[in-house]
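Comments concern the structure below.
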Amino acid sequence: MMTTISQLRHHAGQQVALQGWVMTTRSSGKIAFLVLRDGTGTVQCVFPRKEVSEESWERFGTLTQEACVTVTGTVREDARSPGGFELTATDVVVTAPSVDYPITPKEHGTSFLFEHRHLWLRSRRQLAIARVRHEVEQAIHDFFYEREFIRVDTPILTGAIGEEAGELFSTEYFDLGQAYLAQTGQLYVEAAAAAHGKVYCFGPTFRAEKSKTRRHLTEFWMCEPEMAFVDSAGNMELQEAFITHIVGRVLDRRAEELQELERDTAPLEKVTGPFPRISYTEAISQLQASGSDIEWGRDLGADDETLLAKAHDKPLFVMNYPKAVKAFYMKENPDDPRTVLNNDCLAPEGYGEIIGGSQREDNYDLLLGRIKAQGLDPATYKWYLDLRQYGGFVHSGFGLGLERTVAWICGIPHIREAIAFPRQIHRLYP
């Protein structure tokens, strides 16, 4: 009976066949062991020499790392084994060899591993990270589905920018001039929110920022919900519930992967509401009191975010940044027109901003003024301005960076491991 490793629990005492790849082998002469991976899990296959044919024993001796094999044997319950089961094997057949596999159990440099990323994905650590990422993505979809949000797929090619013009990848678009790889789907989900009330998009976004920091990729995934009739305070309440849901889901369902990553889960277990909140102005005062030379009006950098978050064991909201350092679409703060009604959500443990959100400017004249002030062409944004002309409404939204969130939850130092094939300013291969 052909089955998978994840289904072995249903076949205790039965003879089965497994297809997969060789992770490790070892032999004492009287008994041999093969650790097999099939994509659904790993299992140890035990070959007692007296119970297998001479041909099978000889074939075992030819096995190499990552060879593709079919193993036949009897499923045996064993509480000490990963997954709680082993396979007492009677035969192994090599279906495809693997000669001189480049990623051996010895230490390899980071550059070498990323040059061989297509193979490195098979390692235990990378498997664990990918499964945590998968759980985070599923948790995101479930969170919004349960709250009756509608998913809207927004364009990757766009004629309108949402963030800094200097961070755009551009291309000629037939006879229509320049098109850009989307930095955000936000402007489009704002339009969809007027149709459905509560929407979100989830897909790849692009930034041509020439940054080499551990927090940046040129291509990354972002989840962006948008809600009609929700103000800045309600926006932060949703963000708080969102982060709590994601972290709780991973703790509940991916404990084995977190253990493989040697992730200390104690900090994650503290991620429950309410999250602390401070204003940008308070943040500047705290930084200055800590010896920073930052002045009011400057955007917060990575070191500033780390210092602020260090004082808390939960994600931290920093609210109401200066208008001059934020995007044109953010709502002017009626209590302080120098600032906007926005927030950044900073993860603890030095991982920085994982969410940026704001109430959107719903005043047509103010929005038009901000577009012009930033040197943008109002004609390009006519459709966006129309949203304020035809039934304008209070609305808010935010964007969560998937890779930063996964890196934080996994406790890995660089977000380049949080995506299967990272794109950075110096890396386009494989």
Side-chain angles (χ1 to χ4, degrees), residues 39 103 108-141 143 183-185 201-207 209 211-224 239 242-243 245-265 267-268 271 302 305-306 309 315 344-356 398-430:
I103 303 179
H108 295 281
T110 299
S111 179
F112 176 88
L113 290 171
F114 277 104
E115 285 295 308
H116 294 83
R117 183 65 171 164
H118 52 297
L119 302 177
W120 190 29
L121 293 176
R122 306 179 187 188
S123 71
R124 289 182 183 273
R125 173 184 170 88
Q126 302 308 314
L127 287 167
I129 294 170
R131 288 175 181 272
V132 170
R133 179 186 172 113
H134 169 74
E135 196 64 52
V136 170
E137 290 196 31
Q138 191 61 51
I140 287 171
H141 290 303
F143 179 87
Q183 301 164 308
T184 174
C201 65
F202 192 10
T205 52
F206 306 86
R207 301 286 167 87
E209 183 180 2
S211 176
K212 297 181 180 179
T213 80
R214 65 188 181 92
R215 297 181 181 180
H216 288 86
L217 296 169
T218 59
E219 177 183 334
F220 59 97
W221 281 63
M222 190 153 59
C223 175
E224 299 177 274
Q239 293 171 46
F242 188 44
I243 293 297
H245 170 81
I246 291 171
V247 173
R249 174 76 164 262
V250 174
L251 286 171
D252 182 49
R253 301 192 184 184
R254 295 296 171 182
E256 184 178 330
E257 285 79 7
L258 294 175
Q259 185 176 5
E260 174 66 36
L261 294 167
E262 300 181 339
R263 175 57 155 125
D264 178 7
T265 58
L268 297 177
V271 180
E305 293 175 346
T306 298
D344 286 349
C345 183
L346 311 181
E349 303 177 86
Y351 283 89
E353 179 193 342
I354 53 173
I355 284 180
F398 61 87
L400 173 133
L402 179 61
E403 287 75 20
R404 287 190 186 183
T405 303
V406 171
W408 163 50
I409 293 174
C410 289
I412 56 179
H414 200 300
I415 66 171
R416 63 191 170 195
E417 286 187 77
I419 188 170
F421 296 99
R423 294 292 174 254
Q424 299 169 274
I425 63 171
H426 58 280
R427 187 170 305 285
L428 195 58
Y429 175 92

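Here the structure is a predicted model, which means the values were calculated and not measured. Both backbone and side-chain heavy atoms feed into the values below; hydrogens, waters and symmetry mates do not. Numbers here are sequence positions counted from 1.
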**Request:** Apply salt bridge (Lys or Arg N to Asp or Glu O under 4.0 Å) to Glu257 and list each qualifying residue two or more places apart in sequence or on a separate chain.
**Result:** Arg254
**Request:** Kindly write out the residues that satisfy side chain to side chain donor-acceptor pair (under 3.5 Å) with Thr265, not counting sequence neighbours, or none if the list is empty.
**Result:** Glu269
**Item:** Sequence-distant partners of Arg124, side chain to side chain donor-acceptor pair (under 3.5 Å), two or more places apart
**Value:** none
**Asked** How would you list, by chain and number, every residue that makes a salt bridge (Lys or Arg N to Asp or Glu O under 4.0 Å) with Arg416, sequence neighbours excluded?
**Response** none
**Asked** If you look at every heavy atom in Pro413 and Tyr351, which pair is closest and at what distance?
**Response** N-OH, 4.3 Å
**Message:** Tell me if the CD atom of Glu256 is crowded by more than 12 foreign heavy atoms within 6.0 Å.
**Reply:** no
**Message:** Taking salt bridge (Lys or Arg N to Asp or Glu O under 4.0 Å) as the definition, give me every residue that meets it alongside Arg404, ordered by chain and number, with sequence neighbours left out.
**Reply:** none
For residues 422-430, tabulate all N or O donor-acceptor pairs below 3.5 Å that involve a side-chain atom, not counting sequence neighbours.
from: Arg423; atom 1: NH1; to: Pro430; atom 2: O; distance (Å): 3.1
from: Arg423; atom 1: NH2; to: Pro430; atom 2: O; distance (Å): 2.8
from: Arg427; atom 1: NH1; to: Glu115; atom 2: OE2; distance (Å): 3.2

**Request:** Measure across Pro348 and Ala309 and return the closest heavy-atom pair with its distance rounded to 0.1 Å.
**Result:** CA-CB, 4.4 Å
**Fill in**
With sequence neighbours left out, the residues meeting ring-ring contact (aromatic ring centres under 6.0 Å, His included) with His245 are Phe143
**Message:** Please determine whether salt bridge (charged side-chain N to carboxylate O under 4.0 Å, His left out) holds for the pair Arg125 and Glu417, giving the CA-CA distance in whole Å, both sets of side-chain angles, and the decisive distance to 0.1 Å.
**Reply:** CA-CA 10 Å; Arg125 173 184 170 88; Glu417 286 187 77; 2.9 Å; yes
**Request:** Not counting sequence neighbours, which residues clear side chain to side chain donor-acceptor pair (under 3.5 Å) with Arg249? List them please.
**Result:** Glu135, Asp142
**Steps toward side chain to side chain contact (heavy atoms under 4.5 Å, CB included) verdict (His414, Thr110)** = CA-CA 11 Å; His414 200 300; Thr110 299; over 6 Å; no
**Item:** Shortest non-hydrogen separation from Ile243 to Ile354 and the atoms involved
**Value:** CD1-CD1, 3.7 Å
**Heavy atoms from other residues, nucleotides or ligands near CD of Gln259 exceed 12 (cutoff 6.0 Å)** = no
**Set of ring-ring contact (aromatic ring centres under 6.0 Å, His included) partners for Phe421, sequence neighbours left out** = none
**Complete:** When rounded to the nearest 0.5 Å, the distance separating OG1 of Thr205 from CE of Met222 is 4.0 Å
**Item:** Sequence neighbours excluded - ring pair (Phe, Tyr, Trp, His ring centres under 6.0 Å) pairs with any residue from residues 117-138
**Value:** Phe114-Trp120
**Complete:** Hits for side chain to side chain donor-acceptor pair (under 3.5 Å) against Thr306, two or more places apart or cross-chain, chain-then-number order -> Arg215
**Request:** Would you please name every residue forming a salt bridge (Lys or Arg N to Asp or Glu O under 4.0 Å) with Arg214, sequence neighbours left out?
**Result:** none
